[in-house]
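Structure first, commentary second.
All chains are named by letter (A, B, ...) in the order of the sequence lines, taking the proteins before the strands, and each is independently numbered beginning at 1.
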Amino acid sequence: MFSTRIKIKELLLSEKVNYQATVMGWVRTFRNNQFIALNDGSTNNNIQIVVALGAFDEATLKRITTGACIKATGEVIASLGKGQKVELKATAIEVLGDSDAEKFPLQPKKHSLEFLREIAHLRFRTNTFGSVFRVRHALSFAIHDFFTKKGFIGIHTPIITASDAEGAGEMFKVTTLPLDGSAPKNEDGTINFKDDFFGRSTNLTVSGQLEGELAAMAFGNIYTFGPTFRAENSNTTRHLAEFWMIEPEMAFYDLEDNMNLAEEFIKHIIRYAMDNNREDLEFLAQRLDEEEKQKPQNERSEMGLIEKLEFVINNNFERITYTEAIEILRESNHNKKKKFQYIIDKWGIDLQSEHERYLVEKHFKKPVILTNYPKEIKAFYMRQNDDGKTVAAMDILAPGIGEIVGGSQREERIDKLVERMKEMHIPTEELDWYLDTRRFGACPHAGFGLGFERIVQFVTGMGNIRDVIPFPRYPKSASF
RNA sequence: UCCUCCUUAGCUCAGUUGGUUAGAGCAUCUGACUGUUAAUCAGAGGGUCGUUGGUUCAAGUCCAACAGGGGGAGCCA
């Protein structure tokens, strides 16, 4: 029976003393042959276990190494030392799992994030990743909490999908056909999928949006929160081949309703983490602070992590149109002095990272919602504005990360939608099921997509997206 | 995919204009120490210098290709 154990977080929080308790966890350090720092993942704070001289045999003490799993029972007492309020005076210690100190790669010292990424299966046991993944969980919970309280229905959209026409990116093929060249072929040399598992070509999903729209046409407000796959050869600090995405879709919403929801949503989940994971965020803030000190003065951020999150919660996001953004950029000294690699000269061009960063980090110094982009640079399903040039799109740009949300009011007028699909060479036959939303009881609706790992990055302050998902998948990397 | 930097002990790094036996701190091991906080002190072990090929009397050091990693860009969330 293991249920008698008390979690270290609870034990430390209560500050009660003079009672018997059992703790279980993994040894961080064993100092002076006397003090064990034990961690069980409930908090970054360790419980100090005091080992009385002569109370345990030498052989047992030798097995208490960094990484070993132990069970310790004893009396919780007020600590005689300075670093903690309470500690456990052990009367019994059982080694549940040995850890060979010569082979265990984690040491009681600072490790680089790059090294820890190579041992992703063990990095959970560090303070940094302990905090990151507790915060990740809090955000995940807060997302379901937010939408549930608003009466949204969570929809599980398919992970294997037949449509490959969404244009959201390169897809991973799903097949059971042999890969040695013996798969059946059509006359033109392409693979014949008639005898494949699904009887047709299938892929891993790049977005649940189209299916989500179907559900919104029945439930009104829905959201999806699931894994998404992109086979893009992207090697950056903010892209993954497998990531989690939140995609709400709302009937009877226009672009402004959509923006209001997205802003309220982001603020809610950040506030939830601030209220429930303060200790972890403070640890991450300190970590980031030390990292920033290594940088030259002009590259350091003006705000600490906690400060930044509070600022985002307490201020309105800046809302401007694409056209206004182009004006601001064109008139900026930065542009006039030709400091942009891509000079802003005319309306219609897509904004580069440097431009987005300038708007968010230099000009407004807060999250920015950009709206009404030229239709040429946006997806087919976005609603065309009356000017004939722009669509009702909105992107939310966050400092340090860039695009965190992409959304739009959807084109509910079937003639306009089909016309746009043809212009963009999107096969209407394949998406006939999607067009049914516009044939039977179409209504104005809107939605957006938010990359979960990007918001986790923003809230934890981690610089590389590979460090906010337990086992990251990216080009040339699918270990563990 | 493109640009750029990097790869030396388990980890983080030093290694001079190419020149004998490649160093440090931490970790590990052995011993000491009973109120430590990434404990401390003494000692010990630990390296095909990313891989392959080339230049040279001589390569950790110079050149090339490849692999892996960091940063930036593109694609995007």
Legend entry - First encountered from the 5' end of RNA chain B, between A:F243 and A:S353: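 It is A:S353, whose closest nucleotide lies nearer the 5' terminus.
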
Legend entry - 5' precedence on RNA chain B between A:I404 and A:G54 (nearest-nucleotide basis):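 The residue closer to the strand's 5' end, by nearest nucleotide, is A:G54.
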
Assess, by modelled atom type and distance only, whether the side chains of [X] and [Y] contain a donor and an acceptor separated by less than 3.5 Å.
X: A:N233; Y: A:E170; result: no
X: A:N372; Y: A:T390; result: no
X: A:N44; Y: A:R134; result: yes
X: A:T148; Y: A:D145; result: no
X: A:T157; Y: A:E211; result: no
X: A:Y381; Y: A:Q209; result: yes
X: A:S201; Y: A:K173; result: yes
X: A:Y253; Y: A:Q409; result: no

Legend entry - B:C62 to B:U16 separation - C1' atoms, rounded to the nearest Å: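 Between the two C1' atoms, the distance is 15 Å.
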
Basic-acidic side-chain contact under 4.0 Å: [X], [Y]:
X: A:K150; Y: A:E264; answer: yes
X: A:R383; Y: A:D254; answer: no
X: A:E423; Y: A:R420; answer: yes
X: A:R136; Y: A:E453; answer: yes

How long is the line joining [atom1] of [X] and [atom2] of [N], in whole Å?
X: A:D395; N: B:C75; atom1: CG; atom2: C1'; result: 14 Å
X: A:E290; N: B:A38; atom1: CD; atom2: P; result: 12 Å
X: A:K110; N: B:A38; atom1: NZ; atom2: P; result: 12 Å
X: A:N235; N: B:C3; atom1: CG; atom2: P; result: 13 Å
X: A:F30; N: B:U36; atom1: CZ; atom2: C1'; result: 11 Å
X: A:K476; N: B:A67; atom1: NZ; atom2: P; result: 8 Å
X: A:Y474; N: B:U1; atom1: OH; atom2: P; result: 15 Å
X: A:H111; N: B:C11; atom1: NE2; atom2: C1'; result: 6 Å

Nucleotide nearest [X] when distance is taken to its side chain, options [options]:
X: A:R238; options: B:G35, B:U37, B:C75; result: B:C75
X: A:Y342; options: B:U28, B:A73, B:G25; result: B:A73
X: A:R31; options: B:A39, B:G74, B:G69; result: B:A39
X: A:F115; options: B:C75, B:G35, B:U12; result: B:U12
X: A:N233; options: B:G72, B:C26, B:U1; result: B:U1
X: A:E102; options: B:C29, B:G68, B:C76; result: B:C29
X: A:E232; options: B:C75, B:G70, B:G35; result: B:C75
X: A:L80; options: B:G35, B:U28, B:G74; result: B:G35
X: A:K62; options: B:U30, B:A73, B:C11; result: B:U30
X: A:E114; options: B:G70, B:A73, B:G35; result: B:G70

Indicate, with a heavy-atom threshold strictly under 4.0 Å, whether [X] touches base, sugar-phosphate, or nothing.
X: A:E118; answer: nothing
X: A:Q48; answer: base
X: A:T236; answer: base
X: A:V405; answer: sugar-phosphate
X: A:S79; answer: base
X: A:T29; answer: sugar-phosphate
X: A:E87; answer: base
X: A:K103; answer: nothing
X: A:R28; answer: nothing

Inset, instruction - Using a 4.0 Å cut-off on protein heavy atoms (strictly under), produce a 5'-to-3' string for nucleotides 40-48 of chain B with B for base contact, S for backbone-only sugar-phosphate contact, and - for none. - result: ---------

Checking base pairs now: Watson-Crick or wobble, both atom distances under 3.5 Å. What partners [N]?
N: B:C13; value: B:G23
N: B:U7; value: B:A67
N: B:G60; value: none

Legend entry - Ring centroid separation A:F311 to A:F317 under 6.0 Å: no

[N] phosphate, OP1 or OP2: any side-chain N/O from [X] under 4.0 angstrom?
X: A:S112; N: B:C11; answer: no
X: A:R466; N: B:G70; answer: yes
X: A:N464; N: B:G71; answer: yes
X: A:Q107; N: B:G10; answer: no

Inset, instruction - Report yes if a donor N or O on one partner sits less than 3.5 Å from an acceptor N or O on the other, where the partners are the side chain of A:H239 and the base of B:C76; otherwise report no. - result: yes

Inset, instruction - Decide yes or no, distance alone: a donor-acceptor N/O pair under 3.5 angstrom between the base of B:C76 and the side-chain of A:S234. - result: no

Legend entry - Sorted by number, the residues of residues 369-378 of chain A with heavy-atom contact under 4.0 Å to RNA chain B: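 Going residue by residue through residues 369-378 of chain A, none turns out to have a heavy atom under 4.0 Å of RNA chain B.
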
